[in-house]
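Everything numeric here is computed off the predicted structure, so don't read it as measured data.
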Amino acid sequence: MESIGGPGAGIAVAAENLFPPLPSELFLPLAGFTASQGGMTLAEALIWTTLGSVVGAVALYWIGAAIGRDRLRAVVARMPLVKVADFDRTEQWFARHGTKAVFFGRMIPVFRSLISVPAGVERMPMATFVLLTTAGSAVWNTALVLLGYSLGDNWHRVQGYAGVLEKVVLGAVAVGLLWFLVTRVRRHRAGDAGEGEEQSRGRGRRRGAHARR
């Protein structure tokens with residue numbers, strides 16, 4: 001960012017979209033701080049970081065499109081405890097709420113990058129995807145860039161506060177995943193028990209028939 005200004009900020013944010021472990025909570029406030037020190041203008045920081053977000057998101061969109069619905073469905077069919085019906089319900093949900101998911105997903109840690117993949121799998125119209133991604137990214141980027149700009153030398157504090165939000169999101173995901181696994185294991189065991197009882201009754205009926213003969 002110090003060497004090439006706005007384009008450097010855009011490259012950093014694009015990389016963050018492609019590799020989620022890289023933290024936007026670090027790059028965006030740093031871009032604001034760099035702007036406050038004269039390394040670029042505030043407008044350049046906002047424009048380039050948002051452009052970087054869109055470029056990274058579009059790359060992930062095309063990865064999702066390359067995977068495709070049929071391939072992803074085939075992978076889901078081989079996964080233990082996951083049913084193809086789960087995939088179908090998720091697909092139906094995305095068809096109804098995909099536009100909101102893409103827009104608001106750009107403001108949620110972890111999901112910022114991941115939401116682009118299902119959009120590609122479902123082949124959301126590119127113009128719609130780019131518009132929603134630009135709008136959602138602009139909101140998130142502007143908030144963090146302005147915080148870094150206003151905090152100056154203390155720009156790094158933003159990462160600590162944003163990290164709390166990330167931990168909350170990851171915690172909620174972990175709880176949801178645990179609930180899903182426990183529920184699915186219970187259903188699986190109940191199904192096996194039901195099949196066992198049905199087989200036992202079938203054997204009993206066959207033995208009764210033989211005895212009568």
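L146 and I47 fall into different hydrophobic clusters, where Ile, Leu, Val, Met, Phe, Trp and Tyr side chains are chained together by heavy-atom contacts under 4.5 Å. The hydrophobic clustering, which links ILVMFWY residues whose side-chain heavy atoms are closer than 4.5 Å, places F129 and M107 together.
Using modelled atom types, no side-chain atom of T128 and backbone atom of M124 make a donor-acceptor pair closer than 3.5 Å. For Q37 (side chain) and T34 (main-chain N/O), no donor-acceptor pair under 3.5 Å exists by modelled atom type.
Here the side chains of W48 and M40 are not in contact, with every heavy-atom distance at 4.5 Å or above. Residues R106 and V139 fail the side-chain proximity criterion, which asks for heavy atoms closer than 4.5 Å. Within the 4.5 Å cutoff, the side chain of N17 has heavy atoms near those of the S53 side chain. Residues F104 and H97 form no side-chain contact, since every pair of their non-hydrogen atoms from C-beta on lies 4.5 Å or further apart.
Distance check, rounded to the nearest 0.5 Å: CD1 of I11 to CG of L51 gives 10.5 Å.
Annotation: salt bridge (Lys or Arg N to Asp or Glu O under 4.0 Å) contacts of R69 (sequence neighbours excluded): E91.
Listed here is the closest heavy atom pair of T134 and T50: O-CG2, 3.9 Å. Here the closest non-hydrogen pair linking L18 and G56 is CD2-O, 3.8 Å.
Taking the six-membered ring for Trp, F33 and Y149 have ring centres at least 6.0 Å apart.
Paired with L28 under the rule side chain to side chain contact (heavy atoms under 4.5 Å, CB included), one option of L46, L144, T142 passes, and it is L144. Checked options T99, V121, I115; the residue passing with F94 is I115 (criterion: side chain to side chain contact (heavy atoms under 4.5 Å, CB included)).
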